[in-house]
Peer 1: 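Quick one: structure below, then a few questions.
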Amino acid sequence: MKKIFKYALIGAVAVGLASCEDKLDVKQHGVLNYDTYYQTDEDAEAAATAMYLQMRGLAYNYTLGKNMLTDDFWAGGAQRNDNADLEQLNEFTFGTDQNFLQGMFSGYYGLIYKANVVLGHVSEDTEAMRRARAEAKVFRAWAYFDLITMWGNPPLVDHELSSSEYSQPNGKTEELWALVETDLSEAINSGCLTEKTSVNDSETWRVTKQFAQAVLGKAYLWQGKAKEAAEQFDNVVKSGLYRLFDGEYENIWGYNYKRHCESMFESNRVNDPNNEWDNYDFMYVMLNWRTDRLNLGNPNIVYSNGWGFLVPQKNLYDDFVATEGADGYRLTQTMKTYPQIADMGITIQTGQTMINEGLFMWKWRYEPEAAGFMGMVCHQNARWMRYAEVLLLGAEAHLAAGNSGQALKYINEVRDRAKLAPLGTVSLKDIQTEKRLELVGEGTRYQDMIRWGIAADRLKSQGEKCPVLDSNGNVKYNTYNKDASKFGFKTGKHELLPYPGTEIRLNPNITQNPGW
């Protein structure tokens, strides 16, 4: 009897377990099934949104990292070593484990991965799906443009990688450029990219055909294909959908002037009080003036919390003065001198100092209405490209292609907006100067300096000294390094950035750039 009961119990347990297994046989939540997902317009839009969000997330490392590698800014802050990472970049003392460079590198590949997901799984069945695919090609090409121009020969990843493919070797630069050209050309010719409805359309926020043409023009120009580059920039101009911002220049990055007529592409931030933390981003707190050392006076001028990083160098100011005078329209609406902010009622607190040469960025000032929760939430859009850059790139491309008349037309259009007299002739040096002044702080100068071959001369002394501004408005310079071998741009090394140490340690197939 006991044996029968035992077998019956075993049978009952077995039936019970089978029943439980049936109940537990449910679909896994939170995991995408590629066999059933990406099959609708809604799925394609969700995949496209992931790319837009990834690019928006790049703005912090992109803006601070790229600007620190130029002669336009000091690292800034309250005192020396306030932000060692920024100082390393600014003084060319960084190594392979540099946080901003790691963030930039991985951020670009994050965007490439999301683009590859779209291209690997979204079909061409509907207009929305075709648009998502075209946008993916633009995003992937944009990311690779920066990777190529700053790292040289990064791994070429044109599809989702399986686990056996993770350790990719360096790509061949010519094949990487070919991918950029192909992606952009196919996206432009697809007929699926968005276009503005008019020059005054401020509602269009998606990647446009003209933005893709501008990026393709840059890719051609960096490869020395001047004629092809000029054609792409001309296409943007001829579209008639963009023009130089016709408001006051000081508002060209303004919070209340999102997606204006000059904006080629922006990453959106919507000020939604119910979802404020969707806009968590303390980039503008980093860029804002060092407010804990200032008597702000009028609190409506700039936001009350700021850390004072990326402050203008005097040599940038001197270039402005040489071009347009000390009271130049564009100069005074790009940056302010200490006497000028003192006239606004803003002064340095008695006994306080800051790393500053007596100059304060105004173009990217942190306006109070753009800030939330101590400035850690920012409702300002990330701006990626302006029409002025298209005109100046077009001027350079036409000059290189032998069409100085069109080059002169484009540069004078920018100068006219800056209230400068037109040039009668144009040289590459004219374009270099105009581009520095017009696009200061917009992430273009480092790659320009490398391409123009002026980086070694202009950046060789960065890291030797550091300015200190006191409460009387006086500037003194503290020398921190006397051994020139330990700071500044070094020929044969800094033309290319180092592949992050984490990548080298995890990927045995990637070769580090020379000098690192």
Side-chain angles (χ1 to χ4, degrees), residues 48 51-52 54-55 58 62 66 104-120 130-161 168-194 206-236 264-265 384-385 389-390 393-394 396-397 400-401 443-444 446-448 450-451 495-497 499 510 513:
M51 295 188 294
Y52 282 91
Q54 177 72 23
M55 186 160 177
L58 280 167
Y62 178 98
K66 292 177 78 173
M104 290 166 64
F105 189 84
S106 61
Y108 291 130
Y109 273 105
L111 183 56
I112 290 167
Y113 167 74
K114 289 178 172 61
N116 285 339
V117 168
V118 172
L119 294 170
R130 291 190 292 272
R131 182 182 63 195
R133 291 180 59 84
E135 291 175 344
K137 291 177 181 179
V138 177
F139 280 123
R140 184 167 69 179
W142 179 87
Y144 265 121
F145 174 85
D146 265 14
L147 285 165
I148 298 166
T149 56
M150 292 193 287
W151 278 274
N153 59 348
L156 194 162
V157 182
D158 60 0
H159 63 281
E160 289 178 88
L161 300 179
Q168 288 290 307
N170 302 81
K172 295 180 179 179
T173 304
E174 61 274 15
E175 293 178 358
L176 288 159
W177 279 126
L179 176 66
V180 170
E181 291 182 21
T182 299
D183 272 353
L184 291 168
S185 297
E186 289 180 353
I188 291 165
N189 295 325
S190 70
C192 299
L193 289 175
T194 299
R206 305 191 78 98
V207 164
T208 65
K209 175 182 176 181
Q210 287 70 37
F211 176 67
Q213 289 171 327
V215 177
L216 180 56
K218 289 182 73 169
Y220 284 141
L221 186 60
W222 255 254
Q223 296 176 80
K225 301 177 180 180
K227 183 178 179 180
E228 294 90 337
E231 181 181 0
Q232 292 303 320
F233 300 129
D234 287 348
N235 287 337
V236 178
M264 297 297 299
F265 182 52
W384 298 105
M385 192 180 208
E389 183 182 354
V390 174
L393 288 165
E396 184 179 350
T444 64
Y446 171 68
Q447 286 138 296
D448 280 339
I450 298 297
R451 178 168 59 96
E495 290 85 356
L496 294 174
L497 297 176
Y499 290 107
I510 192 168
N513 278 324

Peer 1: Heavy-atom distance under 4.5 Å between the side chains of Leu119 and Arg140, does that happen here?
Peer 2: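 A side-chain contact under 4.5 Å exists here.
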
Peer 1: Side-chain contact, heavy-atom cut-off 4.5 Å: Phe139 with Lys114?
Peer 2: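 No. Closest side-chain heavy atoms not under 4.5 Å.
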
Peer 1: Atom SG in Cys192, atom NZ in Lys209: separation rounded to 0.5 Å?
Peer 2: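 Nearest 0.5 Å value for the SG-NZ distance: 11.0 Å.
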
Peer 1: Do Lys218 and Met385 make a side-chain contact, defined as non-hydrogen atoms from C-beta onward lying under 4.5 Å apart?
Peer 2: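 Yes, their side chains come closer than 4.5 Å.
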
Peer 1: Within this structure, what is the CE-CD distance for the pair Met264 and Gln213, rounded to the nearest 0.5 Å?
Peer 2: 8.0 Å

Peer 1: Can you tell me how far CG of Asp146 sits from CH2 of Trp151, rounded to the nearest 0.5 angstrom?
Peer 2: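 Going from the CH2 atom of Trp151 to the CG atom of Asp146 covers 8.0 Å.
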
Peer 1: For the residue pair Arg451 and Glu396, establish whether any side-chain heavy-atom pair is separated by less than 4.5 Å.
Peer 2: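 Yes - at least one pair of side-chain heavy atoms lies under 4.5 Å apart.
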
Peer 1: With side chains defined as the heavy atoms from C-beta onward, is the minimum distance between Val215 and Leu184 less than 4.5 Å?
Peer 2: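 With C-beta onward as the side chain, the pair touches.
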
Peer 1: Rounded to the nearest 0.5 Å, what separation is found between the CG atom of Leu193 and the CZ atom of Arg131?
Peer 2: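 Output value for this atom pair is 10.0 Å.
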
Peer 1: For Ile112 versus Ala143, what's the shortest heavy-atom pair and its separation?
Peer 2: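 For Ile112 and Ala143, the tightest heavy-atom pair comes out as CG1-CB, 3.8 Å.
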
Peer 1: If every non-hydrogen atom of Met51 is compared with every non-hydrogen atom of Leu111, which pair is closest and at what distance?
Peer 2: O-CD1, 3.6 Å

Peer 1: In sequence, state the C-alpha distance, the side-chain angles, and the governing distance for Met150 and Phe105, and then conclude on side chain to side chain contact (heavy atoms under 4.5 Å, CB included).
Peer 2: CA-CA 10 Å; Met150 292 193 287; Phe105 189 84; over 6 Å; no

Peer 1: Within this structure, what is the OH-CH2 distance for the pair Tyr144 and Trp177, rounded to the nearest 0.5 Å?
Peer 2: 12.5 Å

Peer 1: The criterion is ring pair (Phe, Tyr, Trp, His ring centres under 6.0 Å); which residues satisfy it with Tyr220, sequence neighbours excluded?
Peer 2: none

Peer 1: Work out which heavy atom in Gln54 is nearest to a heavy atom in Gly107; give both atom names and the distance.
Peer 2: NE2-O, 3.1 Å

Peer 1: Just to verify, which of Leu156, Leu176, Ile510 counts as forming a side-chain contact (heavy atoms from CB on, under 4.5 Å) with Asn170?
Peer 2: Ile510

Peer 1: Any side-chain heavy atom of Tyr108 within less than 4.5 Å of one from Tyr113?
Peer 2: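 A side-chain contact is absent here, since even the closest heavy-atom pair is not under 4.5 Å.
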
Peer 1: In terms of relative ring orientation, are Phe265 and Phe211 parallel, tilted or perpendicular, with 30° and 60° separating the classes?
Peer 2: tilted

Peer 1: So how far is it from Lys225 NZ to Glu231 CD, rounded to the nearest 0.5 Å?
Peer 2: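 So the gap between those two atoms works out to 12.5 Å.
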
Peer 1: Keeping the roles fixed (side chain from Thr173, backbone from Gly152), state whether a donor-acceptor pair exists under 3.5 Å.
Peer 2: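 Pair found, side chain donor or acceptor close to backbone of Gly152.
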
Peer 1: Show, in sequence, the C-alpha distance, side-chain angles and deciding distance for Glu228 and Gln223, and conclude whether the side chain to side chain donor-acceptor pair (under 3.5 Å) test is met.
Peer 2: CA-CA 10 Å; Glu228 294 90 337; Gln223 296 176 80; over 6 Å; no

Peer 1: Which atoms form the tightest heavy-atom contact between Val180 and Ala219, and what is the distance?
Peer 2: CG1-CB, 3.9 Å

Peer 1: Which pair of non-hydrogen atoms, one from Leu161 and one from Gln168, has the smallest distance, and what is that distance?
Peer 2: CD1-CG, 3.9 Å

Peer 1: When you measure from the side chain of Tyr109 to the backbone N and O of Pro155, does any donor-acceptor pair fall under 3.5 Å?
Peer 2: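 Flag set: sc Tyr109 to bb Pro155 pair under 3.5 Å.
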
Peer 1: Looking at every non-hydrogen atom in both residues, tell me the closest pair between Tyr499 and Asn153 and how far apart they are.
Peer 2: OH-OD1, 2.7 Å

Peer 1: Would you say Lys66's side chain and Gly443's backbone share a donor-acceptor pair under 3.5 angstrom?
Peer 2: yes

